[in-house]
Every structure is written in structure tokens, then in C-alpha cells.
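Written out below as C-alpha cells is the structure these notes cover.
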Amino acid sequence: MANLPILQFEEKILETVERNPVVVIIGETGSGKSTQLSQMIHKRGYTKSGAIAVTQPRRVAAVSVSRRVAQELGVRLGEEVGYAIRFEDRTSEKTCIKYLTDGVLLRESLSNPELNQYSVIILDEAHERSLNTDILLGLMRRLIKKRSSNLKVLITSATLDGEKVSRFFGNCPILNVPGKLFPVEIFYSAERPKSYLESSFKTAIDIHVKEPEGDILIFMTGQDDIDKLVKKLEERVQSLEEGSCMDAIILPLHGSLPPEMQVRVFSPPPPNCRRFIVATNIAETSLTVDGVVYVIDSGYVKQRQYNPSTGMYSLDIVQISRVQADQRAGRAGRTRPGKCYRLYPSTVYHEELLDATVPEIQRSSLAGSVLYLKSLDLPDMNILKFGFLDPPSSESLEDALKQLFLIDAIDENGSITSIGRTMAELPLEPSLSRTLMEANEYGCLSQALTVAAMLSAETTLLAGRSKSMEKKRKHDPPSELPDGSGWGDHIQLLQIYEVWDQTNYDMEWCKDNNLQVRGMKFVRDVRKQLSQIMQKIAKGSLDVQTKERRKESREDYRKLRKALTVGYASQLAERMIRHNGYRTLGFKPQLVQVHPSCVLRIDDEGMLPNYVVYHELISTSRPFMRNVCAVEMPWVLPILKKLEKLNINRLSGGMVQSEEQTEGEKSSLPKKDVDAARPPDDRDSRIQAARERFLARKTKS
DNA sequence: GAGCACTGC
């Protein structure tokens, strides 16, 4: 805590906060803003009229920073200083400095929109621009008008992009606090390499042979490249002449590595040994590796993006932004002066890279966020005009509205329904919360809870699938994991959980079946949380127990699949007549295929089910549906009927609402009339054609 | 017959 740069600015900061409702604080890494700001403000007496909330984009940060602050203030964690993250609330009535994830603050604002328990709200690490932070920024701008006399908002950011945030908040003051990084010398490649894998390899070996001690951190884009580079480095290091240079340890570092492998980067290397850490952008912000002196930056990152016009996600390798490049370079200067090797020319850095990473809100499906905002009942609220720091496209917002309409969360005028209100209380994607509600009607809530929880953890479920592991598995005796009885992935996920449940949540069983222990524990926590919320909504009268020792019948699966059809009304697909390709039944039909990992059964003629719902569309080598479940035609018909009624102008409130625009909201992108952009009869004829195909099938069978 | 970066309620 000694000599943190921010402490020299204490008076200046407090004075500015005193005079202004909103202050932007630019504090570089090591400035101490995360631990010190809350303490200063507390000491100045602001906590007499309410607590201080400090948001963090990550759970671990909320926990570790609060622990540190409690220690510095000499209090027990959970008393004056505490934290709240999902599944864990370590606060009490005494708590006056509360660290929380931004998602938790959004949940709190659902039950208490004015957030009256807080006198100060600090949005920390706002430059990371998580979806939740962006929504909070918009909410704060509204809240500060309402509570101008008794609320202070501080927004901290590590980059110099404070101007924009300041403008967003009516030109509020910006304070700069220097960081405590050592200088990092930057080297550029003369030209872009043909293969950044090859180029990283050469640069790393070069450093190893020529430069003094210090670990090397290499930024790659994904697991595949990391594995390849690790292998190459190992081979070369072994072939280097003994004694010609120091020893070396090569460590991969990425998210799907089991935790025990991840923590290896935290144990210091033996003397006279250099570590090569080959990492994804997990090492950019989430994990800080000590001892790094050299950084090699490929200039690329793998990024997931959503295309609202197709409803499809893709995972693309894209150029990083300048903010990211600087962040990566900074990783070399934490303990002493360092060096950063950028594998691209300086003209690329200065002229080609975007200033900042495209914020998540412009890369995600917004159904959940739009539903959340609708449920807040903000006055004069037209979602297309909500004041976002960087507005998502109107196409993206309209896509969200259509999805919500199809699952009954909003009515044809775009107003939230009572179903929608209940859905918003559940920490799930709208499709899954809608499924839970429908399942409750059909008496299969327990099963639906399990499916929703399993899908929430989906990516962390399967252990890192290396190629060798995959091969080994094929030669092993067939896995004892259930197969979904042919109905698809949702049913399989349900069955897997129920088997695990019957082993009494045996961790060994998970390992034996190649399921990540961490993931399965998470599923259990989610399931419990969802059960509690559903119980609260229904006042405790629901059956949420997992079924013990009882064979699920065909009828149970049928009910569940029917509930899924209602929940996934905007994620439906119909098989082509003569082959196993599918056409989505959304607004713009897409030709897609069932992902090869899916467990659907084919009929006697080798055909897949006529109708399916899917959890997501992902475009990789081709467009695929992932996590697919067979459904029945009669359940689909009412949805097609509803599609006909869809009118985006009414949904977005364009005809009924005329609200004055406030400062900043003028920046919203112009609303594009989707219906007008297309021949008017196109949609009707398409739906008509789909109906005819239905009828044709009906008569055949 | 494919392959998934990272977070979070």
C-alpha cells in the first residue's frame, strides 16, 4: 500500500467528487485505484448515508480486492468490508464498502431500481466494456438525474478513453492518476509474418539465447496454436547445447486447461531457468503472471461475434485493438523494465488497429439485456433510444425484440408481459427461462431445471479435449454416459446429470466420464439457485427435486421437449424434404446442419427429425446448430402463426411512442425499417410455403 | 464428420 500513486491525489479526488455527481478517473495499472478509492471516500464520511459499491468485471477480482481492503482497514472480511458474487454473499448489515461483480449490481437494481442503499457507486475497470458494465453506465446516467443530491458515481478506466465517457456524462471532470509500471521497450517487425506461429517461435528462441533472465509471455489465439508452439519450443530447447544458455520450462496457459495446470504459472521457476508462457488473452487481464520481462504479441485474438441478421455466432480470429496491444505490452513491465516484440509493423499499430476493442454489447445477442431493461419499467423507455455509451445497431435491438415477442416475453406493442417479468428474474437466457415456466405448467419443472443448469455450464462441462484424448476415448470401451434416447442433446444433458445425481455427486465419476468437476459443481449450484428463485416466485409449492431411482418415461421427455419448443420458439428449424440439411424458421431463414457432436437419432430411412430446436447457431467451417432437440410438428404450428403477426414497427414502439431525445441519445444509430427493406409479401409467402409443407407432411404420415 | 477466446447473473 505504501507509495501508491493515487494517494498523492487524495485531496484532489475528494474535492472533485464533492463538487460533481460523476467523476471519471483514469488510473493506469498499479495506481491503486481499485483498493484505495473506496477507502478514501469512506474516510471522508460518505458511508454515513449509505454504502459504497465497487463493481468488478470478474468474481476473483471482487473477492481478492475486498480481502485486501479489509486487511488494510484491519477489519474482518464480511463486516465493514465485504463482497457479493453469484452463489456467495459475504456482506452484513455493517458492510459499508461492498465489492461486487457488475452482474450482481444489475440484479440488485432489479429489486431496488434506485439503489438507495448506496451513497457512492464506483464502476471499476469500465474500459473492459463488458456487456453488464455498458448497461450499468446507461442506468447510472439515468439514476444520477434522479438522485443528484445523494449519489456519487465514479467511473474508473485504465485507458485514455475517458473523454468519451465524460461526454456521455455531460462533460464531467476527468482525473488522471499515473500508474506504477516500469518502462517497456517496444519492437516492431518490419512486415507482417506469413505465419505468426513461426514468427513467435523464432522471436522466443532469439530472446532465450541472447537476452538476460526473465520470463517470456507469448500471446497466441487459441488452444491449437498454443499446443503446436509449446511442442516446437520443447523440441528446440532440448536440442540446444547444454550450458549454452539457461534451462527452460514451457507452459501452456488457456481457459480450458484444468485449474491445477493453470496454477503452475504461479509457482516461481527454479534458479537459472527461464519460463516460456504460451497463452491466450486470458493472460491479458484475467491472470497476472509474475516474472514476465518479455512479451511477444501476435497481434491477434479469437473473438466471438453475433450477427443479428442471421442469428448466427461466429468465432473469428481478428486483429487486436491498440488498447489490447498496450495492455499486452504492459505485462512485461510489472516487476522491472521489460521488452515487447510486436509481430507486426508500427504502421499497423498506428494506422490499422482500432483504438479500442468493439464492446461486447455490439457483439452479442441482446434478448436477455433488452428483457432486463424492459423489466425495470424505466419511464419514457423506448429500447431503441436507450442511452448507451456505444449503441448497438437497431438491427440487433430489433432482433432481440423479435425473439422476446416469439417467446411471449413482450406483447405485439413491445410491452413486457407478466411472463416476461417472471423470466427477467431468472439468471438465464430468455429461451431457457421461458422453457422453465412452460415446463412448470406441464409438470416437468425438475427436468427443465436440470437442462437449463447444464446448458448454463455447457462450455466448462467437457474436459479439455486434446487430440490424443479423443483417440484414446475411441479405443476405450464405450462410455457409460447416456445418449439422450435419440431425442437429442437436451435430453442427454438431463440424463447425464441424473446419473451423476444418483452417484451422490461423485467427483470420481465425473473424471471417469471426462466431465469437468468444476463444471459439474457449477451446474449443481446453478440448479439450486434456479430452484430457489422458482420456489420464491411460486411461493414454495413446486416440485424441484431430481427424480430418484425412477426411470424417466417417454412421456416425461415428451413434456420436456414440448416445453423446449415454447422456450426456443425463435430457435426452430425444419428439415429439408429429401436430405438432412435444415432451414431455420426465424425471420431470415438460414440453411444449417446439425453439428456432428449432436446425439440425434435417425429413422429407418436414415432421416433426422422433421423439426428441431437448437440452442445456438455457430458458423465455423459451415453453419451448424449446436445442442439440438427433436420436437413435434403440432407444437411448432402456433409459433408459425405467431410469426405472421410479427410487426417490428409496433414491437419497437415506433408508432406509439414519441419521446424527446436527451443529450447523447442523439448518437443512437438511425432506425432502419426492416420490413420496408424487403418486399412486403416476402415473409407472408414464406410462412405460407412453410405451412403447406407442414400439411403435406401431415397427410403423408 | 467437427473442433471453443474470455467473462458473468
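In the text below, chain A, chain B and the rest are named by the order of the sequence lines, each starting its count at 1.
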- Query: Expressed in angstrom and rounded to an integer, what is the separation of Q56(A) atom CD from dG8(B) atom P?
  - Reply: 11 Å
- Between dG1(B) atom P and N580(A) atom CG, what is the distance in whole Å? 11 Å
- Message: Is the distance between the ring centroids of H490(A) and Y614(A) under 6.0 Å?
- Response: no
- Looking only at side-chain atoms of K302(A), point me to the closest of dA5(B), dG1(B), dT7(B). dA5(B)
- Query: Taking NZ, NE, NH1 and NH2 as the nitrogens, is one of them in E616(A) or R304(A) under 4.0 Å from a carboxylate oxygen of the other?
  - Reply: yes
- Among dG8(B), dA5(B), dA2(B), the nucleotide that comes nearest once only the side chain of T101(A) is considered: dG8(B)
- Message: Using only atom types and a distance under 3.5 Å, with no angle test, would you say the side chain of E425(A) pairs donor to acceptor with the backbone of I533(A)?
- Response: no
- Task: Figure out the CE/P separation between M625(A) and dG1(B), and round it to whole Å.
- Result: 15 Å
- Item | Residue whose closest nucleotide on DNA chain B lies nearer the 5' end, Q529(A) versus L253(A) | L253(A)
- Hey, does I282(A) reach any base, or is it just sugar-phosphate, or nothing, if we go heavy atoms under 4.0 Å? sugar-phosphate
- Message: Please check: side-chain N/O of Y196(A) versus main-chain N/O of M220(A), any donor-acceptor pairing under 3.5 Å?
- Response: no
- What integer distance in Å separates Q303(A):CD from dA5(B):P? 14 Å
- Quick one: E360(A) CD to dA5(B) P, roughly how many Å, whole number? 17 Å
- Residue H595(A), side-chain heavy atoms: nucleotide from dC6(B), dA2(B), dA5(B) that is nearest: dA2(B)
- Task: Look at the side chain of R59(A) and decide which nucleotide, out of dG8(B), dC6(B), dA2(B), has an atom nearest to it.
- Result: dG8(B)
- Task: Remember a base hit wins even if backbone is also touched, and classify F624(A) as base, sugar-phosphate or nothing at under 4.0 Å, heavy atoms.
- Result: sugar-phosphate
- Expressed in angstrom and rounded to an integer, what is the separation of F87(A) atom CZ from dT7(B) atom C1'? 14 Å
- Query: Which part of the nucleic acid, if any, lies within reach of V104(A) when heavy atoms closer than 4.0 Å are counted: base, sugar-phosphate only, or nothing?
  - Reply: sugar-phosphate
- Base, sugar-phosphate, or nothing: which does N281(A) touch, judged by heavy atoms less than 4.0 Å apart? sugar-phosphate
- Query: How many Å lie between CD on E429(A) and P on dC9(B), as a whole number?
  - Reply: 15 Å
- Message: Without decimals, in angstroms, what is the distance between L136(A) CG and dT7(B) P?
- Response: 20 Å
- Message: Under 4.0 Å, heavy atoms only, any strand: does R58(A) hit a base, just the sugar-phosphate, or nothing?
- Response: sugar-phosphate
- Query: Nearest to the side chain of T280(A), which nucleotide is it out of dC6(B), dC9(B), dG1(B)?
  - Reply: dC6(B)
- Do Y349(A) and Y344(A) have ring centres separated by under 6.0 Å? no
- Base, sugar-phosphate, or nothing for I85(A), non-hydrogen atoms under 4.0 angstrom? sugar-phosphate
